[in-house]
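Working notes for the structure below.
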2 protein chains.
Amino acid sequence: MFVTQKNQYALKAIVELAKRAGSGPVKISEIAQAQSIPLRFLEVILGQLKGSGFVASKRGYCGGYFLICRPEKISVGHVLRFMQGDPARHSCAACVSRGACPMEYDCAFATLFNRASEAVFKIFDETTIQDLVDGDTKGSS
Amino acid sequence: MFVTQKNQYALKAIVELAKRAGSGPVKISEIAQAQSIPLRFLEVILGQLKGSGFVASKRGYCGGYFLICRPEKISVGHVLRFMQGDPARHSCAACVSRGACPMEYDCAFATLFNRASEAVFKIFDETTIQDLVDGDTKGSS
DNA sequence: ATAAATCTCGACCTTCTTAGTCAAGAAAGA
DNA sequence: TCTTTCTTGACTAAGAAGGTCGAGATTTAT
């Protein structure tokens, strides 16, 4: 498992917004229902995503969330990197817990794990939200 | 972080055994000291690793652990797959918790995450314990 | 035989992360 | 001003990760 449930919810929420782009703000409750995400949890997630620059919101009657980037401009890597927070914490793929790498990137596994990390993010960076919308459940190559 | 601390310890222990291959059994306490692994925890880990077919042990005076495969025949992927246990649990890279994939591999992310998983394991499968011994701390390309 | 060295086994504990909930409040429009 | 909808931050629960311990079984040395 590379991606936590929470981060998968974040991706799903953005996919849902992409599907409905152009028809005005989408209510949290609609996104939650469409993507089977616990409503209260989604509130937290969307609140965070506002900081990403990909989504914005409007309050009050007829309010909701909407994308402020074209879905083909947002990559899965963008979203996941944002959700993971402080990149310094994760720049050493061998490091387990939070905080800076105590080995200063010089442990036996640094090279190996960093190569693995790059391989994964290469794939995530090549895949856009639009790709997910297009391939949703239908199997893309 | 792709690899838990425990699994990194497992790799380190095997690397240490590889370094000392041919000089008889190595005591847990020596491995623990050489690789800075908590002794009691290492007991657990080596106990598990005995099931892998890569290491064996000998009890009593002058006992210890030793490799029963050549280090260039053991890949990082082998070790990690073994340590992760039941492969059915992990065959869907999108699945978060234990048990079989509830979506039957048909969720929106299955293709994407499985590609990522394959990319990582390609690297792990190409890297042998001998490679780690050779490159230990010195930076391999 | 007996003692010492060493692995073996299973239960146990602690800490951290992940996942998820809730209540009260602020803004926008009808 | 009432309703709708997002906003904020604290709170809780469950599980995984990391680590410890004591008592027992085996092997070798003496």
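Letters go in sequence order (proteins before strands), and every chain restarts at 1.
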Contacts of B:Y61 meeting ring pair (Phe, Tyr, Trp, His ring centres under 6.0 Å) (sequence neighbours excluded), chain-then-number -> none
The criterion is salt bridge (charged side-chain N to carboxylate O under 4.0 Å, His left out); which residues satisfy it with [X], sequence neighbours excluded?
X      : answer
B:R59  : none
B:K27  : B:E30
A:E126 : A:K122

Using whole Å, report how far [atom1] of [X] lies from [atom2] of [N].
X     : N      : atom1 : atom2 : result
A:K12 : C:dA19 : NZ    : P     : 12 Å
A:L49 : D:dT7  : CG    : C1'   : 15 Å
B:L17 : C:dC7  : CG    : P     : 11 Å
A:K50 : D:dT7  : NZ    : C1'   : 7 Å
A:Y65 : D:dT5  : OH    : P     : 14 Å
B:I45 : C:dC9  : CD1   : P     : 16 Å
A:L80 : C:dT18 : CG    : P     : 13 Å
A:I37 : C:dT18 : CD1   : C1'   : 16 Å

OP1, OP2 of D:dT5 versus side-chain N and O of A:S29: anything below 4.0 Å? no
May I ask you to evaluate whether A:S57 reaches the phosphate of D:dT5, defined as a side-chain N or O under 4.0 Å from OP1 or OP2?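 No, A:S57 has no side-chain N/O under 4.0 Å of OP1/OP2 on D:dT5.
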Given B:D125 and B:R81, is the salt bridge (Lys or Arg N to Asp or Glu O under 4.0 Å) satisfied, shown in steps? CA-CA 10 Å; B:D125 288 339; B:R81 264 188 271 258; 2.4 Å; yes
Please tabulate the protein-to-nucleotide N/O contacts below 3.5 Å involving nucleotides 20-22 of chain C, giving atom names and distances.
unit_1 : atom_1 : unit_2 : atom_2 : d
C:dG20 : OP2    : A:Y9   : OH     : 3.3

No-hydrogen, no-angle side-chain donor-acceptor test under 3.5 Å, B:E118 and B:N114: no
Tell me what B:I28 touches on the nucleic acid: a base, only sugar-phosphate, or nothing, going by heavy atoms under 4.0 Å. sugar-phosphate
Run the side chain to side chain contact (heavy atoms under 4.5 Å, CB included) test against B:A32 and tell me which residues pass, sequence neighbours left out.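 Applying side chain to side chain contact (heavy atoms under 4.5 Å, CB included) to B:A32 gives B:L39, B:L42.
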How would you list, by chain and number, every residue that makes a side-chain hydrogen bond (donor to acceptor under 3.5 Å, both in side chains) with B:R40, sequence neighbours excluded?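 With neighbours one apart ignored, the set is B:E43.
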Tell me who clusters with A:F66, hydrophobic residues only, linked when side chains sit under 4.5 Å apart either directly or through other members.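 A:I68, listed by chain and number.
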With the criterion being N/O to N/O and under 3.5 Å, what pairs connect the protein with nucleotides 28-30 of chain D, and how long is each?
unit_1 : atom_1 : unit_2 : atom_2 : d
D:dT28 : OP1    : B:K58  : NZ     : 3.2

